[in-house]
Amino acid sequence: MAIPLLTLPFVARALGVDEFGKVMLAQAIVFFGVVFIDAGFNTESQRRVALASDQTQSLQVLFDNLKARSACAIPTMAVIIGLSFLFEDVPLTYVLVALLHVMGTLAFPQWWLIGKSLGFQMGLASTAGRLIAAVLTLWWVRTPGDGMWAVAAASSGTVWAGLLVTPLIRRHWKLAAGQMDPRSWRSYFAAVRPTIFSGFFASASASTPAVLLGWVSGAAQVGVFSAADRLTRAAAHLMGVIEQTLMGQLARAEQNDTALGKTLRRDLMIRLGLASALGCLVVGVWADLVVRLLYGDKFATVSPVLQLLCVWLWIHVMRRAGLLFTWSLRGNLKGVSRFQWLEAGVVTTMAALGATGAGALGLSSGLVAAEVVLGLALWFALGREGKQK
């Protein structure tokens, strides 16, 4: 996750605030497509892989997931292209090139590799893919006119990672290819359907703020917000990978011993909370120095935004872990779906109010407020569920 962060200041300095904002806005628009073919499928798929009894069953989950997501990909990309016409600040070519990220999401089954305990191979491929993207960024992006090349390089990391793990997946696939059921993806699709749209709207809340801000305040404010948001979102994504990895261990532990699973879940929540709190505190206190070192004086207004997003990050990590280690862990997709709809509504509303009132700073305040509301809602729901049991 550090690799794109190392190139981010280089891109921001080379492009300037306005062009940097256009690049970030194009990627934010395409991210809607990425989460639609990703968010509603992968948590349940990973749980199934972690509990699979043999190689054939594990590969069947991979096949079903890929088939279902591919069926959604083409219409999704068409909708994203249509959406881009609503933003005069963003060149259509930027959005078209950024669709590489959608294809890379299909090509790189990170969730399956984690569920199969192939974390080292997943991490190696992901790191190598991002290194290739970083080298292309440093090679191509030199002036404010290189925005399209910046989009292409930034969107290609998962494509390269997918190409690198293809031989590994093929070796597994050959062992069980004749035993695959080509029609079972339909029953899989029916099982995950309740969380597809709710998962999309909930996960799209990561991209909604920048898009709303671009709509209300223009690309320059998107540049200010994204300079801070990319730092905290990268940390949130890293913590998300850790949480997903731990979920597989928790699922197996709870299946064998409910009391052990409960103890393990409590200990993991405490450790996650302490580690993330320490990191957020350090970055928040030194936010001004961090921003000036990374982006230069032209991005000085990013500092208070970064401080607010550090608060957002800690609450977000803990709230997401609470949801993942309870309802998602137990396969309670209806409960997850209801909460995801709540998340989508609260985040979108708070983000819109904040962006309209005070640009990037107001948007960051709105995101903090949304996480507080969602955290309290989850705590109340889990408490009530515990009393009923």
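Excluded from the calculations below are hydrogen atoms, water molecules and symmetry mates; all remaining heavy atoms, backbone and side chain alike, are included. On a predicted model such as this, the values are computed, not experimentally measured, just so you know.
When the shell of 6.0 Å around CD1 of Ile270 is examined, it contains more than 12 heavy atoms from other residues, nucleotides or ligands. Annotation: Trp327, atom CH2; neighbour count of heavy atoms from other residues, nucleotides and ligands within 6.0 Å is above 12.
The existence of a salt bridge linking Asp229 and Arg233 is confirmed by a sub-4.0 Å separation between a basic side-chain nitrogen and an acidic carboxylate oxygen. Contact check on Arg271 versus Asp267 returns no salt bridge, with no Lys/Arg side-chain nitrogen under 4.0 Å from an Asp/Glu carboxylate oxygen.
When ring centroids are compared, Trp185 and Phe63 stay outside the 6.0 Å threshold.
Summarising the geometry of Thr158 relative to Gly104, their closest heavy-atom pair is OG1-CA, 3.3 Å, with the distance given to 0.1 Å. Heavy atoms only, all atoms of each residue included: Leu378 and Arg319 are closest at CD2-O, 3.3 Å. Ser276 and Leu272 get closest at one heavy-atom pair: OG-O, 2.7 Å. When all heavy atoms of Ala228 and Val305 are compared, the pair lying nearest together is CB-CG1, 3.8 Å. Minimum heavy-atom separation, Thr7 to Ala134: CG2-CB, 3.6 Å. Across all their heavy atoms, Leu15 and Gly147 have their closest contact at CD2-N, 4.0 Å.
Of the possible donor and acceptor atoms, none in the side chain of Gln221 sits under 3.5 Å from a partner among the backbone N and O of Gly359. Listed for the Ser156 side chain is a donor-acceptor partner under 3.5 Å among the backbone atoms of Ala153. Remark: side-chain polar atoms of Trp140 are not paired, donor with acceptor, to backbone N or O of Asp146 under 3.5 angstrom. Remark: the backbone N or O of Phe36 is not paired with any side-chain donor or acceptor of Arg69 at under 3.5 angstrom. Arg384 places no side-chain N or O within donor-acceptor distance of the main-chain N or O of Trp379, the cut-off being under 3.5 Å. Judged by distance alone, with hydrogens and angles left aside, the side-chain atoms of Ser155 form no donor-acceptor pair with the main-chain N or O of Ala152 at under 3.5 Å. Of the possible donor and acceptor atoms, none in the side chain of Asp288 sits under 3.5 Å from a partner among the backbone N and O of Ser303. Not a single donor-acceptor pair under 3.5 Å links the side chain of Ser226 to the backbone N or O of Gly223.
Cluster annotation: Val95 is not connected to Leu212 through the hydrophobic network of ILVMFWY side chains, with a link wherever side-chain heavy atoms come within less than 4.5 Å. If you chain together hydrophobic residues whose side chains sit under 4.5 Å apart, Val135 and Leu164 never meet in one group. Val290 is connected to Trp312 through a chain of hydrophobic side-chain contacts under 4.5 Å among Ile, Leu, Val, Met, Phe, Trp and Tyr, so both are in one cluster. Note: the hydrophobic cluster containing Leu376 also contains Leu323 (ILVMFWY, side chain heavy atoms under 4.5 Å, direct or indirect links). Linking Ile, Leu, Val, Met, Phe, Trp and Tyr whenever their side-chain heavy atoms come within less than 4.5 Å puts Leu213 and Leu86 in one cluster.
Below 30°, between 30° and 60°, or above 60°: for Phe20 and Tyr295 the angle between ring planes is between 30° and 60°, a tilted geometry.
With a 4.5 Å cut-off on side-chain heavy atoms, Ser126 and Phe108 count as touching. With contacts defined as side-chain heavy-atom distances shorter than 4.5 Å, the pair Leu294/Leu8 does not qualify. At least one side-chain heavy atom of Val373 sits less than 4.5 Å from a side-chain heavy atom of Met350. Annotation: side chain of Arg48 is not in contact with side chain of Gln57 (no heavy-atom distance under 4.5 Å). Residues Val97 and Met148 form a side-chain contact, since some pair of their non-hydrogen atoms from C-beta on lies under 4.5 Å apart. Contact check for Arg13 versus Phe299: no side-chain heavy atoms found under the 4.5 Å cut-off. Between Ile81 and Leu99 there is a side-chain heavy-atom pair separated by less than 4.5 Å. A heavy-atom distance below 4.5 Å is found between the side chains of Leu168 and Leu113.
The side-chain hydrogen bond (donor to acceptor under 3.5 Å, both in side chains) contacts involving residues 353-363 comprise nothing, where partners must be two or more places apart or lie in separate chains.
Defined by atom type and a distance below 3.5 Å, a donor-acceptor pair is present between the side-chain atoms of Trp112 and Ser58. Between the side chains of Gln60 and Ser184, at least one donor N or O sits under 3.5 Å from an acceptor N or O.
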Please step through side chain to side chain contact (heavy atoms under 4.5 Å, CB included) for the pair His101 and Gln27, ending with a clear verdict. CA-CA 9 Å; His101 196 19; Gln27 290 183 315; over 6 Å; no
